[in-house]
Amino acid sequence: MLFSFDTNSCSRNHRRYTLCGLHHVEEHEGPWQQCKACFDALEPEMYAFYGTNDFNFEVLKEPPAFKPTRCSVCAGVIRLATDGYAMKGREYLCQPCALKEFPDLPGLR
Ligand SMILES: [Zn+2]
Ligand SMILES: [Zn+2]
Ligand SMILES: [Zn+2]
């Protein structure tokens, strides 16, 4: 069957941006809602985003609390899920600061 409207099938965005998708792609065991490997693989902020965004068919009931990520230069809050940023060691730089710091860096995400 080429086309399926079964909402339980995994769409591309669902596979890429949800815990359910990550969990299946990585072939973890058990339910994704309780998977420690998924939890350990992501920043708590990203884990919460992956578990609760609109690509989920079923959202995480209790996403983890997380401290906002701040830019190490200007201390502005960076939303990892939606803002551009760069990493320098363990530090995060917001996009404007990253562009100042690394003007030659191609493809800042
Ligand atoms: Zn899925
Ligand atoms: Zn998993
Ligand atoms: Zn900054």
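Note that ligands are numbered from 1 as they come in the structure, with each ligand's atoms numbered from 1 the same way.
- The atom of H14 nearest to the Zn ion (ligand 1) is NE2, with the search restricted to N, O or S atoms.
- Note on L42 and M87: same hydrophobic cluster, where clusters join Ile, Leu, Val, Met, Phe, Trp and Tyr whose side-chain heavy atoms are under 4.5 Å apart, directly or indirectly.
- The hydrophobic cluster containing Y85 does not contain V77, counting ILVMFWY residues as joined when their side-chain heavy atoms lie under 4.5 angstrom apart, directly or transitively.
- Looking only at side-chain heavy atoms (C-beta outward), P64 and L60 come within less than 4.5 Å of each other.
- You'll find the side chain of H28 reaches within 4.5 Å of the side chain of C38, heavy atoms only.
- Around the Zn ion (ligand 2), protein N, O or S atoms at less than 2.8 Å comprise H23 ND1, H28 ND1, C35 SG, C38 SG.
- Looking at I78 and R70, their side chains never come closer than 4.5 Å, going by heavy atoms from C-beta outward.
- Contacts of E91 classified as side chain to side chain contact (heavy atoms under 4.5 Å, CB included), with partners at least two apart in sequence or in another chain: S72.
- Shown here are the protein N/O/S atoms lying under 2.8 Å from the Zn ion (ligand 3), water excluded: C71 SG, C74 SG, C94 SG, C97 SG.
- When side chains are defined from C-beta on, F39 does not count as touching Q34, because their heavy atoms never get closer than 4.5 Å.
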Legend entry - Test log, rule side-chain contact (heavy atoms from CB on, under 4.5 Å), inputs E101 and L93: CA-CA 9 Å; E101 194 97 348; L93 278 74; 3.8 Å; yes
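- Here C20 reaches the Zn ion (ligand 1): one of its N/O/S atoms is less than 2.8 Å from the metal.
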Return all side-chain donor-acceptor pairs below 3.5 angstrom for residues 44-52, not counting sequence neighbours, or 'none' if the list is empty.
| residue | atom | partner | partner atom | Å |
| --- | --- | --- | --- | --- |
| E45 | OE1 | T69 | OG1 | 2.9 |
| E45 | OE2 | L80 | N | 3.1 |
| T52 | OG1 | A48 | O | 2.6 |

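- L19 contributes atom CG, which lies 10.5 Å from atom NE2 of H24 (distance to the nearest 0.5 angstrom).
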